[in-house]
Each structure stands twice: as C-alpha cells, then as structure tokens.
Amino acid sequence: MKQAIFTIVAKNYIGLAEVLEKSVKENAEADFYIFVADEFTGATERPEALPANIWFAREKLNIPAGLWDEMAFKYNLIEFCTAIKPFCFETLFAGGAYEKIIYLDPDIYVFSSLEKIFLLLDNHSIVITPHVLDMQVKHQGDHPDYLFLLNGTFNLGFIALRNNDDAQMMLRWWQQRMVNQCFFDNDRGMATDQKWMNLLPALFDADTLYINRDRGLNVAPWNYHERKIVSENNTLFVTGRTIGDAAPKCLLTFVHFSGYDYKRFSANSIIHKHDGVVHYDDLSIVFECYAKALQKGDFGRYFHLPYSCNFFSNGKMIMNLHRRIYRRLIDENRKYLSPFETGDGSLYELFRKKKLLDHSVAVADKVTSKNISGFERKLGKVNFLFGTLKKLLGIRRYSILVRFFRRYFKEENQAFLADKEMGKKLW
C-alpha cells in the first residue's frame with residue numbers, strides 16, 4: 001500500500017521543508033513531496049535544477065488559473081498555503097497513486113517512526129490531533145486558553161487521510177470552504193482551515209475519524225505547559241508536565257516548532273520567539289537537535305527570496321489592506337481577470353487612481369506595537385484625542401461610536417476607498 005507525506009511552502013522555505021524531509025525519511029517508508037505555493041521570478045531566483053519531489057502547486061493542482069490568482073491575491077501567505085492543502089491531497093490521491101497520506105507543516109521535525117499513524121489509517125479514514133489534552137481547572141499555559149476558541153480544537157499542522165469514500169467526501173467539503181473561507185477572521189469565526197475541523201466529530205463517527213491523543217504527536221508551543229520531554233537510554237519520551245504519573249509516557253514522534261524565529265537563527269544560538277519556552281529546561285534537547293538539523297541542511301539557500309504573491313506584476317508591494325479590499329470587492333461581484341496585473345481597467349490601476357498604493361520602503365503590514373518607535377507616547381496621544389471626543393459627545397454617544405468603530409475599522413470595510421458603493425453597508 002503506497003504511502004506519502006507532504007508539506008506546503010513558499011519558495012523561501014524550500015530549504016526548511018528539506019530539513020523536514022530528512023527527518024521524515026529517517027522515520028517513515030513513504031514518498032515525500034514539497035508543494036511550493038509560489039513561483040520563481042527571474043533568472044537570478046531560478047535554480048538550475050530542483051529535486052523531482054518539489055512540485056510547483058500552480059502547475060500540479062486542479063485549480064483553474066483565474067481561481068488560483070483570486071485565492072493567491074485575497075489570502076495572505078499563511079492563508080493561501082493552508083487553502084490549497086485539500087487540493088494537494090486530491091492530487092496525490094488521484095488515480096489511486098497513494099492510499100495513505102500525511103500532511104505536516106514545514107516547521108515540524110520528526111523524532112521517531114510515523115508508522116503508527118499509517119497503521120491507524122488501516123481502520124480509520126481521518127486522523128487529527130487536539131491542541132491540548134489536559135483539563136486544567138486553572139489554566140497553566142503560556143498563552144490564554146481562550147486562544148483555543150479562536151484558533152480551533154485541532155491543529156492542522158498535521159492531518160492524515162486514507163483514500164476512501166469518506167475521505168474523498170471530506171476533501172470535497174474542505175475544498176469548497178477553502179476557496180472563499182480560509183481567512184484569519186475572528187469576526188466570522190474563521191482561523192484558516194482549523195475552525196472548520198471543529199465540525200468533524202459531529203460529521204463523522206469514531207470509526208471514520210480518529211482523534212489521536214498520543215502526547216508524542218504535535219508537541220508545540222500551545223501544549224508545552226502540559227507535555228514534558230524525558231530522555232531514557234538516548235530515546236526521547238513525552239509525559240505529563242502537570243499531572244505527572246497520571247499521564248502515559250509516549251514516544252516523542254514529532255515537534256511542531258511553530259513560531260521559531262528563523263530570521264534570527266544562527267549556528268551559535270537557539271532562538272524561539274515564544275517566551276514560554278524559556279522556563280522549560282527539558283525542551284532544550286529538542287531545540288538543540290532542531291538547530292543542528294538546520295545547520296546541517298541547506299536551510300539558507302532560498303530563505304532570502306521574497307514571496308512572489310506579495311507583488312503586483314510591476315513589482316509594487318501588495319498590502320494586506322489591498323487583499324482585504326479585494327476580498328470585499330469580489331464578495332460584491334466586482335470581478336477582475338487577474339488582480340496582479342497593472343494595465344488599464346486593472347485592480348492596480350483602481351488603487352493607483354484612488355491613491356491606495358504604498359511607495360515607502362518600510363512595509364506597513366510589518367508595523368506592530370512591538371516594533372513601532374515611541375509606541376507608548378503615541379498611544380497616549382491617541383488616548384488624549386479620544387478622551388476629548390468623549391467629553392464632546394458624552395459617554396452614551398461615545399459608547400455607541402466605539403461599538404460602531406469596532407466593525408467599521410475592519411479592513412474589508414475600507415473598500416469604499418476604492419469604490420464608494422462599498423460604503424453603503426458594513427461588511
């Protein structure tokens with residue numbers, strides 16, 4: 001029975017995916033594929049040759065060119081890579097090429113055999129893992145537990161499917177939602193594909209859907225607080241951090257290094273942007289292993305390359321605001337043949353005429369409260385402004401205005417800047 005494992009990346013993470021591939025090859029009898037949701041632009045970017053298992057998703061997936069452009073434009077990088085996931089499964093299943101397939105995020109590293117997952121697919125069609133396993137009356141995690149309500153019960157950095165009628169039905173259902181509803185959008189209850197997976201226990205019985213509670217699967221920042229790494233005879237295991245002996249000891253299968261700061265990575269340091277890692281000394285062994293794997297691999301070969309879908313065809317930067325306005329425009333049936341093009345009648349030309357293009361060197365989308373200079377001082381000025389507004393309006397009207405602003409300042413509602421018709425209702 002043929003088995004496959006795949007991941008999805010932009011071209012700058014091809015080297016990272018190859019680090020994952022090496023760990024997979026050491027722990028699974030399966031073909032491995034890297035789907036690239038990106039394109040090389042220009043001779044300076046394009047390598048002479050790539051391994052045969054690296055597939056450019058646009059060429060391989062059953063997504064029409066117009067729909068591909070629409071999805072690539074309206075979704076940001078993470079949303080887009082997530083949106084094409086079920087289409088990658090479909091491609092690998094086509095013609096019965098593979099019977100069992102595992103998807104892994106590119107920032108995962110495999111420490112032991114994946115065969116137990118493939119064996120589960122003998123009797124089940126779908127295998128998924130929850131973000132957390134322990135019920136804690138007082139939450140002891142490093143991040144607020146309400147984030148699980150925002151991001152979903154299950155982590156879709158891992159999912160395994162068997163090629164049968166149940167999985168095919170699930171794929172069709174999944175694809176349909178990924179075409180238009182794969183955003184990070186708390187107001188509409190979306191967190192890419194993860195929130196949709198909350199419905200699986202209601203849609204499939206336990207014979208079809210297997211919720212894997214093995215602590216050794218998907219060890220990650222969201223569950224470091226409940227999973228402890230122990231080493232015995234040079235073998236790594238996972239046990240309960242807070243419930244001790246009550247938790248079964250499981251072989252460490254794979255760690256999901258979500259949030260690992262690859263930009264700051266160097267041969268002499270192990271960097272991770274999740275502050276919660278610092279006080280878990282037992283995790284140092286897996287981070288050291290991962291750092292060594294990155295050092296040995298060709299991780300940096302493509303890392304500097306920009307994501308091609310971040311630019312219009314003339315090289316001008318696409319802002320997140322542009323993506324969200326476009327989302328609103330197409331939701332209201334304003335169609336553009338290719339949102340990336342810049343000729344007459346194009347989306348770009350509309351943005352240019354409405355002065356919605358950003359020509360500065362600094363990218364506005366990367367500005368946050370953590371990196372903006374003098375943030376506290378500037379926040380104080382904003383607070384003064386709104387304090388003055390409250391005095392002018394009175395607390396009742398000010399309260400109404402704040403509730404209005406909460407919806408009004410969604411980026412999609414700024415579509416009136418491009419088309420005044422969009423300003424007649426809130427989205």
Side-chain angles (χ1 to χ4, degrees), residues 7-14 16-17 35-39 41 56-58 61 63 67-88 105-107 147 150-152 155-157 175 177-196 258-263 273 302-303 305-313 315-331 336 338-340 347-348 351 356-358 360 362-371 409-415 417-418 427:
T7 192
I8 304 170
V9 295
K11 60 178 179 281
N12 67 319
Y13 269 19
I14 290 176
L16 184 65
F35 284 88
V36 182
D38 202 349
E39 298 177 60
T41 57
F56 284 88
R58 181 166 192 149
L61 304 187
I63 301 177
L67 180 58
W68 175 278
D69 286 342
E70 177 186 312
M71 293 171 66
F73 193 97
K74 70 184 177 184
Y75 290 136
N76 65 31
L77 171 58
I78 295 175
E79 292 166 343
F80 186 50
C81 286
T82 302
I84 68 172
K85 196 185 303 178
F87 296 93
C88 295
D105 268 358
D107 52 356
L147 292 177
L150 294 178
N151 295 318
N155 179 257
L156 262 288
Q175 288 176 348
R177 280 140 190 85
M178 293 302 93
V179 168
N180 292 310
Q181 302 178 81
C182 190
F183 295 95
F184 282 109
D185 187 344
N186 291 336
D187 289 341
R188 294 200 170 191
M190 299 178 197
T192 64
D193 60 348
Q194 288 190 163
K195 290 289 281 295
W196 291 109
S258 177
Y260 195 101
D261 196 339
Y262 298 100
K263 289 184 178 179
K273 73 181 182 185
Y302 306 102
F303 191 67
L305 297 178
Y307 178 46
S308 61
C309 296
N310 272 347
F311 304 92
F312 290 100
S313 61
K316 296 295 184 182
M317 177 69 70
I318 296 170
M319 299 173 64
N320 195 63
L321 180 64
H322 297 150
R323 299 186 191 279
R324 296 323 192 206
I325 289 176
Y326 177 65
R327 175 190 181 186
R328 174 72 185 278
L329 291 173
I330 61 175
D331 190 63
Y336 295 87
S338 177
F340 293 97
L347 182 67
Y348 175 87
F351 288 158
L356 298 178
L357 299 174
D358 183 9
S360 63
V363 179
D365 293 339
K366 294 185 178 181
V367 176
T368 69
S369 60
K370 295 182 179 180
N371 60 30
F409 282 119
K410 273 181 66 73
E411 289 176 302
E412 285 82 357
N413 284 326
Q414 309 314 303
L417 296 171
W427 191 82

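Source: prediction; values computed, not measured. For reference, positions follow the sequence shown, starting with 1. Excluded from the calculations below are hydrogen atoms, water molecules and symmetry mates; all remaining heavy atoms, backbone and side chain alike, are included.
- The shortest heavy-atom contact between V36 and A10 is CG1-C, 4.2 Å.
- Here the straight-line distance linking atom CG of L61 with atom CD of Q175 works out to 9.5 Å at 0.5 Å rounding.
- Looking at every heavy atom in both residues, M319 comes nearest to L356 through SD-O, 4.3 Å.
- Minimum interatomic distance between A418 and I325 (heavy atoms only, all atoms of both residues): CB-CG2, 4.1 Å.
- Applying the side-chain hydrogen bond (donor to acceptor under 3.5 Å, both in side chains) criterion to Q414, with sequence neighbours excluded, gives no partner residue.
- F183 is linked by a ring-ring contact (aromatic ring centres under 6.0 Å, His included) to Y75, counting only residues two or more places apart in sequence or in another chain.
- Put simply, the side chain of C309 does not reach to within 4.5 Å of the side chain of I318, judged on heavy atoms.
- Between the CZ atom of F351 and the NZ atom of K316 there is a distance of 15.5 Å, given to the nearest 0.5 Å.
- Residues satisfying the ring-ring contact (aromatic ring centres under 6.0 Å, His included) criterion with F311, sequence neighbours excluded, are absent altogether.
- For the atom pair L16 CG and D105 CG, the distance stands at 10.0 Å (nearest 0.5 Å).
- Residues forming a salt bridge (charged side-chain N to carboxylate O under 4.0 Å, His left out) with K410 (at least two apart in sequence, or on another chain): D185, D187, E412.
- Scored by the side-chain hydrogen bond (donor to acceptor under 3.5 Å, both in side chains) test, W196 finds no partners at all (sequence neighbours excluded).
- Applying the side-chain hydrogen bond (donor to acceptor under 3.5 Å, both in side chains) test to N413 and every residue at least two apart in sequence or in another chain returns R328.
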Walk me through it: do K85 and F35 pass the test side chain to side chain contact (heavy atoms under 4.5 Å, CB included)? CA-CA 9 Å; K85 196 185 303 178; F35 284 88; over 6 Å; no

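- When side chains are defined from C-beta on, L347 counts as touching L329, because their heavy atoms get closer than 4.5 Å.
- Of all heavy-atom pairs between L156 and Q194, the closest is N-OE1, 3.2 Å.
- Judged as a ring-ring contact (aromatic ring centres under 6.0 Å, His included), and not counting sequence neighbours, Y336 has no contacts.
- Take N12 and apply the side-chain hydrogen bond (donor to acceptor under 3.5 Å, both in side chains) test, not counting sequence neighbours, and it matches no residue.
- If you take CG on D38 and CG on L305, they are separated by 8.5 Å, rounding to the nearest 0.5 Å.
- Side-chain contact between L67 and V179 is present, with at least one heavy-atom pair separated by less than 4.5 Å.
- Ring pair Y13/Y307: centre-to-centre distance not below 6.0 Å.
- Within the 4.5 Å cutoff, no side-chain heavy atoms of Y348 are placed close to those of H322.
- When all heavy atoms of A37 and C81 are compared, the pair lying nearest together is CB-SG, 3.9 Å.
- Applying the side chain to side chain contact (heavy atoms under 4.5 Å, CB included) test to L150 and every residue at least two apart in sequence or in another chain returns Y146, L147, N186.
- Here D193 contributes atom CG and E79 contributes atom CD; the two are 11.0 Å apart, rounded to the nearest 0.5 Å.
- Residues forming a ring-ring contact (aromatic ring centres under 6.0 Å, His included) with W68 (at least two apart in sequence, or on another chain): F80.
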CA sep, side-chain torsions, deciding dist, call: I84, M178, side chain to side chain contact (heavy atoms under 4.5 Å, CB included): CA-CA 7 Å; I84 68 172; M178 293 302 93; over 6 Å; no

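- I78 pairs by the side chain to side chain contact (heavy atoms under 4.5 Å, CB included) definition with N76, T82, F184, not counting sequence neighbours.
- Under the rule for a side chain to side chain contact (heavy atoms under 4.5 Å, CB included), the partners of K195 that lie at least two apart in sequence or sit in another chain are A191, N198.
- If you take CZ on R323 and CG on N310, they are separated by 5.0 Å, rounding to the nearest 0.5 Å.
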